[in-house]
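Only one structure is covered here, and it is reproduced in the block below.
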Amino acid sequence: MVETQIIKISIRDFSIHFDDITALKGLNLDIYRNEIFTIIGPANSGKSSLLQSLNRLNDLTPSYKKTGTILIDDQDIDSVDVESLRTRVSIVFALPFPLPLSIFDNIAYGPRMHGIKNKSKLIEIVEKGLREAYLWDEVKDRLDIPAMNLSGGQQQRLCIARILAVEPEIIMFDEPTSGLDPISTARVEETLRILKEHYTIILVTNNVAQAARVGDRTAFLLMGEMVELNETKRIFTMAQDKRTDDYLTGKFG
């Protein structure tokens, strides 16, 4: 459990619809600053839809409709410039998508787009991002090679570093290790533990063991509804709802 429970994100009576399909129903949820908040549940439970609402990526889908509110630092996200919001609230997807550029230029891309041109400043930003993503020691001597030459796990951490370079406040991960081997998965998980010292982390995962390993608190979603929310240890050892226990023990999902 996080020691200082300062609310970073407040979600109230939030529902999501795509035409006639309801993805989320009346969600009420607070996410604390500097915690790893994990979200578990079977397919079509609304996990990814929730993430993409938090930085308004769903706004790009014509059939998307929502009700309720999402506040970040007590500010309604609908009142925030969408590009500014997506800088503050970044997302890492299941498959890494390095730009067809060098390792250095991948990390420097965002800062350059934000007007930073000074070479020494860019070098500083690149190193900081790679260190925070737990990748610096592996690539520091080959920053000029194509990012596509990296392994899958390294590419995923590169994408994390690219996000860190634009200094977000919240980093969302949607199944970030689903295609990785156990060693790469462990390195990404260690990165998450380090990052929570400075960022608020939201992790969607179908790997319940991963949620148990890294989550401070865990929410279980089922068919668009939040069945249970608690400290991760309590969820996994003393689930209050039979549906949660059935999911965690593999009886469905």
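Starting from 1, each residue takes its place in the sequence as its number. Atom set for the values below is all heavy atoms of this structure, side chains included, hydrogens, waters and symmetry mates excluded.
Following chains of ILVMFWY side-chain contacts shorter than 4.5 Å, one cannot reach Met113 starting from Leu85, and the two form parts of different hydrophobic clusters. Note on Ile202: it clusters hydrophobically with Ile11, by side-chain heavy-atom contacts below 4.5 Å among ILVMFWY residues. When the side chains of ILVMFWY residues are joined at heavy-atom separations under 4.5 Å, either directly or via intervening members, Trp136 and Ile160 end up in two distinct hydrophobic clusters. In the hydrophobic cluster analysis, where Ile, Leu, Val, Met, Phe, Trp and Tyr join through side-chain heavy atoms closer than 4.5 angstrom, Met148 is grouped apart from Phe97. In the hydrophobic clustering of this structure, Leu71 does not group with Met226; members are Ile, Leu, Val, Met, Phe, Trp, Tyr whose side-chain heavy atoms approach within less than 4.5 Å, directly or through other members.
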Residues Val126, Asp105; criterion side-chain contact (heavy atoms from CB on, under 4.5 Å); working and verdict: CA-CA 9 Å; Val126 169; Asp105 288 336; over 6 Å; no
Could you check Gln210 against Glu189 for side-chain contact (heavy atoms from CB on, under 4.5 Å), going step by step and ending with a plain yes or no? CA-CA 8 Å; Gln210 181 173 73; Glu189 290 177 1; 2.9 Å; yes
Show, in sequence, the C-alpha distance, side-chain angles and deciding distance for Arg56 and Asp59, and conclude whether the salt bridge (Lys or Arg N to Asp or Glu O under 4.0 Å) test is met. CA-CA 5 Å; Arg56 293 175 54 189; Asp59 291 6; 2.8 Å; yes
I would like to know whether Glu169 and Lys8 meet side-chain contact (heavy atoms from CB on, under 4.5 Å); could you show each step before the answer? CA-CA 9 Å; Glu169 300 166 23; Lys8 183 68 177 178; 2.7 Å; yes
Intermediate values then yes/no, side-chain contact (heavy atoms from CB on, under 4.5 Å), Glu175 and Asn206: CA-CA 7 Å; Glu175 293 290 337; Asn206 286 328; 3.1 Å; yes
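Side-chain contact between Ile31 and Ile7: absent, with no pair of heavy atoms (C-beta onward) separated by less than 4.5 Å. You'll find the side chain of Phe104 stays beyond 4.5 Å of the side chain of Asp144, heavy atoms only. Using a 4.5 Å heavy-atom cutoff, the side chains of Lys25 and Phe14 are not in contact. Proximity of Glu35 to Gln5: side-chain heavy atoms (C-beta onward) are nowhere separated by under 4.5 Å. Looking at Val227 and Leu221, their side chains never come closer than 4.5 Å, going by heavy atoms from C-beta outward. Inter-residue side-chain proximity for Phe18 and Ser49 is flagged as met; some heavy-atom pair is nearer than 4.5 Å. For the pair Thr177 and Leu180, the minimum side-chain heavy-atom distance is below 4.5 Å. Leu51 is not listed as a side-chain neighbour of Phe173, based on a closest heavy-atom distance of 4.5 Å or more.
Expressed to the nearest 0.5 Å, how far CD1 of Ile77 lies from CG of Leu54 amounts to 6.5 Å. Atom CD1 of Ile170 is separated from atom CZ of Arg88 by 7.0 Å, given to the nearest 0.5 angstrom. Here Gln155 contributes atom CD and Asn106 contributes atom CG; the two are 9.0 Å apart, rounded to the nearest 0.5 Å. The NE2 atom of His114 sits 8.5 Å away from the CD atom of Glu83 when rounded to the nearest 0.5 Å. Rounded to the nearest 0.5 Å, atoms CG (Asp30) and CD1 (Ile9) are 9.5 Å apart. For the atom pair Thr218 OG1 and Ile40 CD1, the distance stands at 6.0 Å (nearest 0.5 Å).
Judged by distance alone, with hydrogens and angles left aside, the side-chain atoms of Gln156 form a donor-acceptor pair with the main-chain N or O of Ala94 at under 3.5 Å. Judged by distance alone, with hydrogens and angles left aside, the side-chain atoms of Asn34 form a donor-acceptor pair with the main-chain N or O of Lys196 at under 3.5 Å. A donor-acceptor distance shorter than 3.5 angstrom exists from the side chain of Ser151 to the backbone of Gln154, with no hydrogens or angles considered. For the pair Thr22 (side chain) and Ser15 (backbone), a donor-acceptor distance under 3.5 Å is absent. No donor-acceptor pair under 3.5 Å is formed between the side chain of Thr244 and the backbone N or O of Ala239. Between the side chain of Asp76 and the backbone N or O of Asp78, at least one donor-acceptor pair lies under 3.5 Å. Between the side chain of Gln240 and the backbone N or O of Met238 there is at least one donor-acceptor pair closer than 3.5 Å. Looking only at distances, no side-chain donor or acceptor of Asp73 sits under 3.5 Å from a matching main-chain atom of Gln75. With hydrogens and angles disregarded, no donor-acceptor distance shorter than 3.5 Å links the side chain of Ser45 to the backbone of Gly41.
When the shell of 6.0 Å around CD1 of Ile183 is examined, it contains 12 or fewer heavy atoms from other residues, nucleotides or ligands. Ile21 CD1: 12 or fewer foreign heavy atoms inside a 6.0 Å radius.
Looking at every heavy atom in both residues, Arg234 comes nearest to Asn230 through CD-OD1, 3.5 Å. Considering every non-hydrogen atom in both Leu203 and Val214, the closest pair reads CD2-CG2, 3.6 Å. Considering every non-hydrogen atom in both Ile125 and Pro111, the closest pair reads CG2-CG, 3.8 Å. Among all heavy-atom pairs drawn from Thr38 and Gly215, the shortest one is CG2-CA, 3.6 Å. Across Leu135 and Leu158, no two heavy atoms sit closer than the pair CD2-N, 3.7 Å. Shortest non-hydrogen contact noted between Pro98 and Ala147 is CB-CB, 3.9 Å.
Under 4.0 Å is where a charged nitrogen must lie from a carboxylate oxygen, and between Arg131 and Glu127 at least one such pair does.
A side-chain donor-acceptor contact under 3.5 Å links Ser120 and Asn118. Looking at Glu132 and Tyr199, their side chains do bring a donor and an acceptor atom within 3.5 Å of each other. Judged by distance alone, the side chains of Asn58 and Ser53 do bring a donor and an acceptor atom under 3.5 Å apart.
Between Tyr247 and Phe220, the angle of the ring planes stays under 30°, which puts this pair in the parallel group of the 30/60° scheme.
Both the sub-6.0 Å distance and the 45° axial angle are not jointly satisfied by Arg187 relative to the ring of Tyr134.
The side-chain contact (heavy atoms from CB on, under 4.5 Å) test with Val208 singles out one residue from Leu248, Thr249, Ile235, and that residue is Leu248.
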